[in-house]
Peer 1: 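Could you have a look at this structure, given as structure tokens, before my questions?
What you are looking at is a predicted structure, and each value in this text was computed from that prediction instead of being measured.
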Amino acid sequence: MGRLALLVGLLGLLVRAGTSVVLDSVPATDQRWKDVAHTLYATTYRESYTYDQARVVVVYEPLDDTFVAQLVAANLKPNFAYQVKLEAAPGSDCAERLGSGGRYWRETWDGAAWTGGWNLNSKGTGTYPNPNDTDYLATRDLTSATSPTGLLYRFTTYVLLGYFITDSHGNASVDLRLDASYHVLWRDTQMAWTGDDGPIVSRTF
């Protein structure tokens, strides 16, 4: 599964809020090279394709009751699933509000670089303040004498709001609306559905 981060990245794309779409910098060796049916792309495709060949445009409503946008993509990976995330950079004005509705990615200053990124992984019932929020609030202001920000931790916040699957040419057109916050997406062959999960969606291609 790829990732589109909207401020929209792991294996795909990330859009940064209030800016143009930028391509993710994950190296080809770390990307997923199988479609949603778990079929490996041809060697010639894997050796020649880069996201420089793709185009993604996101148009969003500046005033609405939540984040609403339309995404149009061309020449992404064919029959491939991309997560869509709304992401806030560390220190941005909306970061805490986005984290309280979504998730926190925490990195630690080791004296020379930001390292060890991981998710705060306990959202409890999801209602604020959940365990993620409590952890974030307890550690966000811890200081470091050598950190470029003066803080021990750096937080990126995001909401995984949905996903889309490209067609056989790698194209897609999808309407986005932030009305849910997901943790992870998977095929029903990977994990059994439970009542806490979102609906199962079938796709034929």
Peer 1: Quick one: CG on L178 to OG1 on T66, what's the gap to the nearest 0.5 Å?
Peer 2: 4.0 Å
Peer 1: With a 3.5 Å distance limit and no angle check, can you tell me whether T139 reaches the backbone of D135 through a side-chain donor-acceptor pair?
Peer 2: yes
Peer 1: Could you point out which residue of V159, L120, N121 forms a side chain to side chain contact (heavy atoms under 4.5 Å, CB included) with R103?
Peer 2: N121
Peer 1: Mind checking whether Y49 and Y51 have parallel, tilted or perpendicular rings, split at 30° and 60°?
Peer 2: perpendicular
Peer 1: So, applying side-chain hydrogen bond (donor to acceptor under 3.5 Å, both in side chains) with Y104, which one of D133, T156, T157 is it?
Peer 2: D133
Peer 1: Hey, does the Lys NZ or Arg CZ of R46 hover above the aromatic six-ring of Y41, less than 6.0 Å from the centre and inside 45° of the axis?
Peer 2: no
Peer 1: Below 4.5 Å, heavy atoms only, C-beta onward: do R177 and D65 meet side chain to side chain?
Peer 2: yes
Peer 1: Answer yes if W105 and F155 sit in the same cluster of Ile, Leu, Val, Met, Phe, Trp and Tyr residues linked by side chain heavy atoms under 4.5 Å apart, and no otherwise.
Peer 2: no
Peer 1: Using the rule that two of Ile, Leu, Val, Met, Phe, Trp, Tyr join whenever any of their side-chain heavy atoms come within less than 4.5 Å, decide whether Y136 and L160 are in one cluster.
Peer 2: no
Peer 1: So, for T146 and G111, which heavy atoms are closest and what is the spacing to 0.1 Å?
Peer 2: OG1-CA, 3.7 Å
Peer 1: Would you say R203 and N79 are linked by a side-chain donor-acceptor pair, where the criterion is simply a distance under 3.5 Å?
Peer 2: no
Peer 1: Check whether W118 and Y158 end up in the same hydrophobic cluster, where Ile, Leu, Val, Met, Phe, Trp and Tyr are linked by side-chain heavy atoms less than 4.5 Å apart.
Peer 2: no
Peer 1: Of the non-hydrogen atoms in L176 and L71, which two are nearest, and what is the gap between them?
Peer 2: CD1-CB, 4.1 Å
Peer 1: State the NZ-CD1 distance between K77 and I165, to the nearest 0.5 angstrom.
Peer 2: 14.5 Å
Peer 1: With side chains defined as the heavy atoms from C-beta onward, is the minimum distance between W109 and T149 less than 4.5 Å?
Peer 2: no
Peer 1: Give, for atom NZ of K123 and atom CG of N130, the distance between the pair rounded to the nearest 0.5 Å.
Peer 2: 4.5 Å
Peer 1: Will you find, in the side chains of Q70 and Y60, an N or O donor that is under 3.5 Å from an N or O acceptor?
Peer 2: no
Peer 1: P131 and S122: which non-hydrogen atoms are nearest, and at how many Å?
Peer 2: CB-O, 3.2 Å
Peer 1: Is there a side-chain contact between L142 and L151 in this structure, where contact means two heavy atoms from C-beta onward sitting under 4.5 Å apart?
Peer 2: no
Peer 1: Please work out which of the three classes, parallel, tilted or perpendicular, describes the rings of F164 and Y82, given edges at 30° and 60°.
Peer 2: parallel
Peer 1: Can you find a side-chain donor-acceptor pair between R154 and S147 that sits under 3.5 Å?
Peer 2: no
Peer 1: Could you tell me whether R187 atom CZ has more than 12 heavy atoms of other residues or ligands within 6.0 Å of it?
Peer 2: yes
Peer 1: Out of curiosity, L152 CG to R140 CZ, how far, rounded to the nearest 0.5 Å?
Peer 2: 15.0 Å
Peer 1: Which is it for L86 and L98 under the side chain to side chain contact (heavy atoms under 4.5 Å, CB included) test, yes or no, and what are the steps along the way?
Peer 2: CA-CA 8 Å; L86 187 64; L98 197 62; 3.9 Å; yes
Peer 1: Say you draw a straight line from CD1 of I200 to CG of D188; how long is it, rounded to the nearest 0.5 Å?
Peer 2: 5.0 Å
Peer 1: Which pair of heavy atoms, one from Y182 and one from G162, lies closest together, and at what distance?
Peer 2: CD1-N, 4.1 Å
Peer 1: Nearest 0.5 Å please: distance from the CD atom of E107 over to the CH2 atom of W114.
Peer 2: 7.5 Å
